[in-house]
2 protein chains.
Amino acid sequence: MAEREAFVDQIVQDLRVSGHRVTPQRVAIIREFVGRADHPSAEAIHQRVVAEFPMIAISTVYSTIRLLVEMGVAAEVSPGFTGARFDPNTSNHCHVVCTHCGSIADVPAGPELPTAEACAETLGSGFRVERLTLDIHGVCARCAAGGSDAPD
Amino acid sequence: MAEREAFVDQIVQDLRVSGHRVTPQRVAIIREFVGRADHPSAEAIHQRVVAEFPMIAISTVYSTIRLLVEMGVAAEVSPGFTGARFDPNTSNHCHVVCTHCGSIADVPAGPELPTAEACAETLGSGFRVERLTLDIHGVCARCAAGGSDAPD
DNA sequence: CTCGTTGCAAATCATTTGCAATGGA
DNA sequence: TCCATTGCAAATGATTTGCAACGAG
């Protein structure tokens with residue numbers, strides 16, 4: 001797909017423009033990552049790139065992914081968490097998650113939200129829907145004001 | 001709040017009924033956990049309970065939380081993940097996440113989903129909304145059929 | 001030539017597991 | 001009494017960090 005190559009070139013350009021260096025390892029990671037339909041872990045990306053660069057370190061993969069996320073061409077699937085968090089409230093509601101300090105606040109689920117039943121219907125019979133979570137990710141007031149880390 | 005004590009008693013009853021033992025440590029964890037409005041980590045719960053049981057182990061907290069999740073009185077905030085997963089698709093879409101094998105599939109975001117702009121409006125000026133994620137958690141067809149672990 | 005990047009190993013967290021001792025039912 | 005549960009320490013897995021060597025600009 002020439003489409004993908006163009007995208008890779010675009011990202012490489014962006015790297016250069018923003019003052020970052022274009023190394024063969026980075027290009028290999030970008031090439032393996034963009035245009036995919038799946039959601040790989042750092043480990044999975046590393047395993048793919050190892051075929052081309054047997055010496056590449058997992059820490060290089062982590063730093064490159066971080067770069068891609070900062071550039072806006074990649075996203076973390078569930079950003080804002082370090083470790084598991086547990087919720088005593090099992091009713092249907094949304095979370096407002098601060099990607100800086102990890103604080104989580106509740107927002108009652110509005111009626112405009114799809115129900116688990118509606119999703120089950122949309123998805124068909126293959127997948128058994130158990131829960132629906134709408135998370136709003138961003139930066140809370142305290143972090144935006146430069147506040148130091150303070151948990152939920 | 002007598003409300004909470006009643007809830008604690010209810011859970012304790014459920015424990016007994018399902019053949020689990022009611023230990024002082026478990027009661028303390030349940031008491032610290034239920035009725036809260038926040039979303040503590042295992043570490044946070046442990047720190048609270050240590051005041052009452054200085055010898056309690058973090059592994060006990062983990063196993064008790066797992067029990068509460070199985071009983072349906074607690075929920076993991078972002079269930080189904082082990083480690084970070086990254087998404088090359090930064091457009092607005094939903095994820096179907098299998099809580100068994102961790103596989104993630106994409107579903108295009110329907111028009112019935114609230115937009116980031118609408119959420120920002122609802123939340124007011126304190127929080128800077130960056131991204132909205134709707135995740136559908138459940139069990140995929142392969143896992144429901146007893147299939148072994150296979151990634152995305 | 002310079003300084004951002006890499007590779008590596010060790011450090012740091014989060015979570016799980018194995019096992020002997022304990023104490024609810 | 002008996003076995004689920006506890007505490008502890010060690011194992012595991014994910015991610016970060018410190019630092020010397022390297023190499024893109």
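Residue numbers start from 1 in every chain, and the chains themselves are labelled A, B, ... in the order their sequence lines are given, proteins ahead of strands.
Here the side chain of A:Ser78 pairs no donor or acceptor atom with the backbone of B:Ser78 at under 3.5 angstrom. The backbone N or O of B:His39 lies less than 3.5 Å from a partner atom in the side chain of A:Arg85, making a donor-acceptor pair. Checked by atom type and distance alone, the side chain of B:Arg26 never pairs as donor or acceptor with a backbone atom of B:Val61 at under 3.5 Å. With hydrogens and angles ignored, the 3.5 Å screen pairs a side-chain donor or acceptor of A:Asn89 with a backbone N or O of A:Ser91.
We find that CD1 of A:Ile58 is positioned 15 Å from P of D:dT17, with the value rounded to whole Å. For the pair B:Phe53 CZ and D:dC8 C1', the computed distance is 18 Å after rounding to whole Å. Rounded to whole Å, atom P of C:dA9 lies 16 Å from atom CD1 of A:Ile56. Distance NE2 (B:His46) to C1' (C:dC13): 15 Å, rounded to an integer number of Å. Here D:dG23 presents its C1' atom at 14 Å from CZ of A:Arg16, a figure rounded to the nearest Å. When rounded to the nearest whole Å, the span between CG of B:Leu68 and C1' of D:dT5 equals 15 Å. Here the P atom of nucleotide C:dG4 and the CZ atom of A:Arg21 are 7 Å apart, to the nearest Å. The CZ atom of B:Arg26 sits 19 Å away from the P atom of C:dT22 (whole-angstrom rounding).
Between the side chains of A:His20 and A:Asp14, no donor N or O sits under 3.5 Å from an acceptor N or O.
Relative to the side chain of A:Pro24, the nucleotides D:dC3, D:dT6, D:dA24 differ in distance, and D:dA24 lies closest. Side-chain proximity of B:Met55 to the nucleotides D:dC8, C:dT16, D:dT5 is greatest for D:dC8. For A:Arg66, the side-chain atoms get nearest to D:dT16 when compared with the rest of C:dT15, D:dT16, C:dT16.
In this structure, A:Tyr62 does not reach the D:dT16 phosphate: none of its side-chain N or O atoms is under 4.0 Å from OP1 or OP2. OP1 or OP2 of C:dG7 has not a single side-chain nitrogen or oxygen of A:Ser59 nearer than 4.0 Å. Phosphate contact (OP1/OP2 of C:dG7, side-chain N/O of A:Gln25, threshold under 4.0 Å): present. Residue B:Thr23 has a polar side-chain atom (N or O) positioned under 4.0 Å from OP1 or OP2 of D:dT6.
Looking at which nucleotide of DNA chain D each of B:Ala84 and B:His20 is closest to, the 5′-most match is held by B:His20.
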